[in-house]
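Below is one structure, written out as structure tokens, with a few remarks after it.
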Amino acid sequence: MRTLAPIALVSALLVACTGEPNGSSSSAASKSSVGNPPSSSSVRSIASSSLPRSSSSLAPVTSSSAPVTSSSKPLSSSSLVSSSSKSSVAISSSSAATGLKYSDFVGDPLKGAQRYGAVIYGPFACQTCHGLDANGDGKTESTTPIVPGKFTAQALFEEVLAMPTDAVKAISPTRCDGQCAADITAYLRTLIVEENVQCDSNKPIGYSPRALRLLTVDEYQNTLEDVLGLSADYTGKVVADARKGGFPNNNTANVDESRANKFWAASEELAKWAVENNKPFACGANESCSDRFIDEFLYRLFRRPVNNLERTQFEALFNNYPGKEGMEAALVAALNAPQFLYRSELGRKVSDVLAGTGITPEYRPANPIVVFKGADWGGGGIQADGSKKVDLYGNAGITFRNYTFTGNDVVKIRARGALGDGVYPTMQIKIDNKIIDTVVVNSASFKTFTYRVEGIVGTNKYIQVENKNAAGHSQSRVLYLGDITFGKAELYIPPKGDEAKLSKADPSSYVLDAFEYATLLAYTLTGSAPDQALLDAAAGDGLHYEADIRKQVERLIDSPRGRERIGAMAGYWFNTDKVTEAGADRNTALFPKYTASVRDAMKQEVHHLFREIFYGNRAFTDFYAGDFTVVNSVLANYYGIPATTTSPNDWVLVDGLDKRGGIVTTGAFMTVNAHPDKTAPIIRAVRVREQMLCQHILPPPLLVEDREALLAKVNAQYEAGIITDRQYYEGITDARSCDGCHKYQINPLFGMEDFDQVGQWRNTQKGATGMTLPIDITGSLFGPENIDDNATVIPFRGAKNLSKELAVLPGIKECLIEKTFRFVAGLPIKDKAVDPAEKLLTAEQKSDFLCVAEKAKAVYQSSGGKARAVLTEMVMQDLLRFRKAN
Amino acid sequence: MTSETRKINQERRKFLEFVSKAGVSSALWRASPLVAGLMVNRYAEAVTAPKRFIALSYPAGAPQGTWLPKSLTSMEACTTPYLNVAQYCNFHLVNVVGGGHGAAHAALNVGSGNSFDVQLAKLIGASTPYSSIHLGVRCTTTGDLIGRRNGQPVPPENSAQTALRQFFGGPPPGGAAQALYQKQKSILDANKAALDSLKKQLGTQEKDRLDEHLAALERIDKRLNDASQFVPPPGCSNPTMATATDMGGGVQSEIKMMADIAINAMRCGLTNVATIQLDDSQSNWQYKGSFSEGHHQTCHGRGRNDVVTITKYINEAAAYAIKTLAETPDPAGGMMIDNTVFLQVTDQDGISHTTGGCPNILATRMAGFPSGTINANSGTNRNLMADIAEGFGLAGQIAEGNMTDIRKNANIV
């Protein structure tokens, strides 16, 4: 990148960067790096962190002592300040005065890189004085170098805030503060050379951070479909997701006023619809539906048993607003509930779990249990649901011969009631003429009443259940009796889990409880709430041991929702779902075949293709190298591929293709990464680097010299119809300031021009005036394993050939692992994968995550390169269950 | 499943059709007791005239040399739409600190985790049902947004229909509304209790996150409570809405519509702070006519005159907003422009993508603000926002030349 300092200010530049007029400083201190501040310095560089910041002790360069322009006119900040006093810039030399915290900002390293190279400080950029880290050693190349690794994030931030030097400040008062400084700090932190991270193979358990993950839009929608029975699309009615590492990720997203308002509005609409359509179940005008709502619906929506406080709150809504009104109110409350909106991955402290703290033992009927059916009462009043009807004042009684009371038994009675004058029936239970309980059966749906019965011994005991009147007389107040279960009382102590494993964990760490873990598995693998089988496993002892967990993981992956989710993973990863969005709109007159159904099919193609790899026992490399794709009738027709598919819903694998095959050649990838009027070879190249090889390219500089001249020249040729899209983009990047990225990293990948901006294969291109132009599909992939390695090059011809070349690169496997971890854990697997909006990894996380990566590599190898094996291995890792505060 | 963007566009098209039918919009607004109730409640209590702020953000500025008028009667190529409202306008060229590619958020960034509008809303929007409202036109990005709260982007509402329903749909009047509020309150209380319970398990950072959620629920609570106290509508029953569609791709009409919603929401006391953001800095929306590429590509790939055409087209909508403020009576007295500051901002200039000469307009007739000025060297955009805060009687906490925090000036407010 070229420095843009005007010649007239060369001497000022030297002063600014070195603190000496004419750059004549010979002080050894001036060569000190950041973190090694000179003991006696005339250098005002970022290195001076530990020095006092008063200008007198740092850079004694003032307008009077250092004439800095050729005109010798003394420069002062006031001379450059706007004449409007209101708009003047207050300058303070004390950065501490800002009180700003780096953690209050979301530093964007890409922006920071731009800012670092931009002329923020009058004619100067940071880079002007401090240089770039050309050799990747974590230190910029300059006489005033920066070594970001020597600083904490906050300290580095404060150093940037303290910029510019007094010398530069004298020339321009402009500062880079707040967000600007945060961006530069984030960029500088990317220069930090990762220390030699090792996986500690002796460490028994790894940890990821505790989290409260706000549902993503897809998770919200899928949950409503599965739990509430919603069929309408609500994805546009709530706030869109944040993204991290390219994937939807609301791990740190706030429910601010805007988002809360949206959730509220959606919940009111959903509740109204649900009640009108008997969702999640029909609730009659005079029925009490609270128990069923709480025990069935809320249980699934909250992904755990409802606690007593919650039960009371929801029962109050049903009591205060009976029937449908209560149902509607309860639905609004449930759909705005944090228990629904956030996925808790907080866990319980391991030491508490091992000590049994918070575990409540309960009595259960031990096997063999004896069940007395409602219909077993005999006589009249047996209902269609098998229950026995007991009218007001009536009772049901029988001498029960099939169970021998032991003196310590558990009896469970299922019952439901019908309102009479707005009052539910009162049930009195007697065994052997002893009153066990008198209780209001306040539910129109069955509710279970459980009792521990002591002191009754022997068989042939008389059991009587009476519908006692406790209010005004009403014949409608009817009691219905379901099954009664008998068993010897057994003290059930909920399992702590895998105690052997727990005992190996740091006692101060946290472990997800079975329901939190079930929720994690379900949303990760199906994008929705746990199904009943998974909740049952969580409620029992079914999610504590590896074999049980693996069984559930495989089941979820193979479920219909699991298959959808795996397809969606590819859509997120390659951003190809955007093909149906406005950004991929094209001129319908020019591209009449590029219809909405074609675009939707393109989006689905990527999902199907990835599923074919994932579920079809294929090596992941086939996702790039395969000669096949998966099409429906719409896409087969659009691509001109002979296929046996007969309808838009009939997706078939087509193999042996010569032009297509693999993700690179999919219509969606080529279209999303194109402009409406021409292809976008730059974007395609960047996507190949970033999405497929997980390499990283810095954004373009803010100001490209000669931009206008380049544009004018190239536009004229393009509009004359004599140059291709490729030539156009080669032309507008033909500047030295572009070379840093375009010479080796981007432009040599322009050989994907055999696909146009609507994903169609081509061997020529129409110029702007309609003339047929030959296209050039030759390309070179420089730095296939290290983006800065310009000595290694792989030549290719066309998109498909490039895709095949990519397939054999180690970066493909590395990228699969990085992206799969992001998909599973929502986290970067290493520092280089940290998103601008994320915290850097702790040393422990780096090591733990490296262990995961190494295991994933091993399983990739042993499985023959299967994506499914990698994903399953990651999901099975202990660090998803064991957590530490972040 | 249809994509979100397509749905938004479909919804927008439907809404345009909807409002283009004479009388429909009026009927909708007349049926909004919320509007009137809030207006009366607010202004009955108001001792001093309200202070309001609207920001309109659009990407890519204007080509150099096409913005600053020679005089208030001689506009430049991109500013001709402002000719009839120039007396309210202060034309500026500012340095947008941190602007450029992917930096739409720089436009209202004053150097802290909270953008200018969000900070302002804490002070001048504390008592309104919505502290601020955030509207978007084709702004489906999730990251590059002008509003920032605690460093997180504040997403705008892109659907005019949804915005209308959200801000002006209300409960039936009278006792029924109060009963409804009691029910809503019991729901919110349950949700708040759950948040409290959850907070106990968390560290400081996550607690802050849930505090924000809690504050949002408190705000909804207040709004619903206000809405339940119905007072007959004297002034919000028949607002004027932009109805005509335009030939440039619809964006102009959509900005006008969002401006109408913002201005009416202010007029009716729903909020004192509103932002409208057109797309983000990668601006993919497409101007029609002979243009086949997105707006941002036009800046990169076409000539200066083409960029001027699009900028002028956007500015016609901005001028409409200023004109509407000037012609709409304010229930607090005078016209809306007497109590409202309109700020048009951008992230970079039109072609070279530099940030040193970005066009801004500050339009108002509020006491203490100049009107009808042309300012070639206005310093940074942050200076301009500091000026606005000062004009509102608020003091910017100036540190290192940036206004990182705005607070009330006890001597003035």
Side-chain angles (χ1 to χ4, degrees), chain A residues 82 86-87 89-92 95 97-98 100 104-106 111 114-115 161 173 175 177-180 183 212 233 235-236 239-243 253-258 260-261 264-265 313 317 321 329 332-333 336-339 346 580-583 587 675-677 699-700 702-703 707 715 885, chain B residues 1 3-9 97-98 100-103 109 111-113 131 134 142 149-152 154-155 166 183 186-187 190-191 194-195 198 201 203 206 209 212-213 216-217 219-220 284 286 292-294 297 301 303 352-354 377-379 383-384 387 390 398-402 404:
Chain A
S82 159
K86 277 165 109 187
S87 293
V89 181
I91 297 175
S92 158
S95 67
T98 66
L100 297 181
D104 287 343
F105 297 87
V106 180
K111 291 296 310 166
Q114 287 184 326
R115 298 187 200 293
L161 285 170
R175 305 194 64 87
D177 214 340
Q179 185 64 45
C180 175
D183 290 344
L212 204 53
D233 180 4
T235 55
V239 171
D241 299 320
R243 282 185 172 257
N254 290 339
V255 180
D256 62 5
E257 206 178 323
S258 312
N261 280 331
W264 182 268
Q313 287 167 337
L317 287 173
Y321 307 99
V332 174
N336 284 289
Q339 303 96 313
L346 299 173
T580 59
E581 297 181 9
N587 186 328
H675 299 303
D677 60 329
L702 280 175
L703 184 61
R707 176 192 288 270
N715 274 342
Chain B
M1 193 179 290
S3 75
E4 184 183 351
T5 307
R6 287 174 62 79
K7 278 182 298 180
I8 288 168
N9 288 338
V97 180
H101 271 125
N109 183 356
S112 82
S131 60
H134 305 267
T142 57
R149 189 179 282 120
N150 297 328
Q152 297 292 320
V154 179
Q166 182 184 346
K183 183 163 65 179
S186 58
I187 291 167
N191 291 157
L195 277 173
L198 202 50
Q201 303 173 52
E206 292 289 304
R209 196 171 161 218
E212 180 151 5
H213 191 167
L217 295 187
R219 198 84 194 185
I220 292 175
N284 279 322
Q286 193 179 323
S292 59
E293 73 287 336
Q297 281 305 309
S352 68
H353 286 19
T354 55
N377 299 302
S378 304
N383 302 145
L384 194 54
D387 289 348
E390 192 178 324
I398 305 294
E400 298 291 304
N402 298 308
T404 56

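We name chains A, B, ... by the order of the sequence lines, and we start the count at 1 in each one.
- No donor-acceptor distance shorter than 3.5 angstrom exists from the side chain of A:Asp256 to the backbone of B:Arg149, with no hydrogens or angles considered.
- With a threshold of 4.5 angstrom between heavy atoms, A:Asn715 approaches chain B through side-chain atoms but not through N, CA, C or O.
- With chain B as partner, the option from A:Asp241, A:Leu212, A:Val332 having the largest number of non-hydrogen pairs under 4.5 angstrom is A:Leu212.
- For A:Ala329, the parts sitting under 4.5 Å from any heavy atom of chain B are the backbone and the side chain alike.
- The heavy-atom pair separating A:Ala333 from B:Ile187 by the smallest distance is CA-CG2, 3.4 Å.
- Across B:Ala194 and A:Pro338, no two heavy atoms sit closer than the pair CB-CG, 3.6 Å.
- What you find for B:Asn191 and A:Ala337 is that their closest heavy atoms are ND2-CA, 3.4 Å.
- Put simply, the side chain of A:Glu257 gets close to the backbone of B:Ser131: a donor and an acceptor are under 3.5 Å apart.
- The shortest distance between side-chain heavy atoms of A:Asn336 and B:Ile220 does not fall below 4.5 Å.
- Residues B:Ala216 and A:Val255 approach most closely at CB-O, 3.8 Å, considering heavy atoms.
- Here the side chain of B:Arg209 pairs a donor or acceptor atom with the backbone of A:Ala253 at under 3.5 angstrom.
- Interface remark: A:Leu317 contributes side-chain atoms only to the contact with chain B (heavy atom separation under 4.5 Å).
- The choice from A:Asn261, A:Asn587, A:Asp183 that makes the most heavy-atom pairs within less than 4.5 Å of chain B is A:Asn261.
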